[in-house]
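Working notes, structure below.
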Amino acid sequence: MTLQLRVYVPDHPLIKHWLAVARDANTPSVLFKTAMTELGRWLTYEAARHWLPTLEATVQTPLAECSATLIDPEVPIAVVPILRAGLALLDGAQALLPLASIYHLGIVRNEETLQPSCYLNKMPEQFASETRVLILEPMLATGGSIMTAMAEITRRGGDPALIRIISVVAAPPALRQLSEKYPSLNIYTAIIDEGLNSKGYIVPGLGDAGDRAFGT
């Protein structure tokens, strides 16, 4: 069977609302950060569907014994925020995945060449084969940062079929690169915008997510 990249844009009013707040140039930094936290929460909720490993068990209610489905604690879950903008999504994602290990990955883009470089890598040397990996990258624009992140994760044993990417805004150039290299990936984004400007920013986008989230 031929694999094909899947990009999900959840039709959820809360996601649409917080996206609108994040897009607005008049939104102050503190509220922008709140919007990103909420987008991280609701997009992670959608990404976890049919992804988190479960096990069947039996529990005793106050009245009777019954069957139950629980998250399997033996299967590792890793969250990889791409610094620094990915940190804005972390609180929302971590609220839903409190037992996940957090591995920071710092990637910076040269504003002239638009080429990425890695300045911090706190990931393990090897991921267990069944590890679920959630990547937090608010903007999928040129594709440079996310392709660098995917290369680092897969080199350490991350399985693209078990990886989920959370993005607030995605653009065709990044999605094309991911589709060609990692067709088994699943991406969850609030919206797919039309393209990039000459500086590699998504249009209409929401500006520089890191600058707006941290007020710098």
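With rounding to the nearest 0.5 angstrom, the CG atom of Leu140 is 3.5 Å from the OG atom of Ser167. Interatomic distance, Leu43 CG to Leu14 CG, rounded to the nearest 0.5 Å: 11.0 Å.
Both Trp18 and Met139 are assigned to one and the same hydrophobic cluster, defined by single-linkage of ILVMFWY side chains at heavy-atom distances under 4.5 Å. Ile163 and Trp51 are not part of a single hydrophobic cluster, where members link through side-chain heavy atoms under 4.5 Å apart. Cluster annotation: Ile192 is not connected to Leu39 through the hydrophobic network of ILVMFWY side chains, with a link wherever side-chain heavy atoms come within less than 4.5 Å. A continuous path of Ile, Leu, Val, Met, Phe, Trp and Tyr side chains, each step under 4.5 Å between heavy atoms, connects Val9 with Ile146, placing both in one hydrophobic cluster.
Counting heavy atoms from C-beta outward, Thr142 and Pro173 have side chains that stay 4.5 Å or more apart. Contact check for Leu120 versus Leu83: side-chain heavy atoms found under the 4.5 Å cut-off. The closest side-chain heavy-atom distance from Val21 to Glu38 is not below 4.5 Å. For the pair Arg164 and Val133, the minimum side-chain heavy-atom distance is 4.5 Å or more. Side-chain atoms of Val169 and Leu19, non-hydrogen and from C-beta on, do get closer than 4.5 Å to each other. Ile153 is not listed as a side-chain neighbour of Pro160, based on a closest heavy-atom distance of 4.5 Å or more.
In the model, Arg84 has a side-chain atom that pairs as donor or acceptor with a side-chain atom of Thr216 under 3.5 Å.
Below 30°, between 30° and 60°, or above 60°: for Tyr103 and Phe127 the angle between ring planes is above 60°, a perpendicular geometry.
Side-chain N or O atoms of Thr58 include none that pairs as donor or acceptor with a backbone N or O of Ser67 at under 3.5 Å.
Of the options Thr189, Leu89, Leu136, Ile191, a side chain to side chain contact (heavy atoms under 4.5 Å, CB included) to Val168 is made by Leu89 and by none of the others. Among Tyr45, Tyr188, Trp42, the one residue that satisfies the ring pair (Phe, Tyr, Trp, His ring centres under 6.0 Å) test with Tyr8 is Tyr188.
Between Arg41 and Asp91 no salt bridge is recorded (no basic side-chain N to carboxylate O distance below 4.0 Å).
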Quiz item: How far apart are the C-alpha atoms of Met150 and Lys181, what are their side-chain angles, what is the distance that settles it, and do they pass the side-chain contact (heavy atoms from CB on, under 4.5 Å) test?
Solution: CA-CA 10 Å; Met150 283 297 301; Lys181 183 72 173 178; over 6 Å; no
Quiz item: Could you walk me through whether Glu180 and Arg176 pass the salt bridge (Lys or Arg N to Asp or Glu O under 4.0 Å) check?
Solution: CA-CA 6 Å; Glu180 291 170 2; Arg176 280 195 295 269; 6.0 Å; no
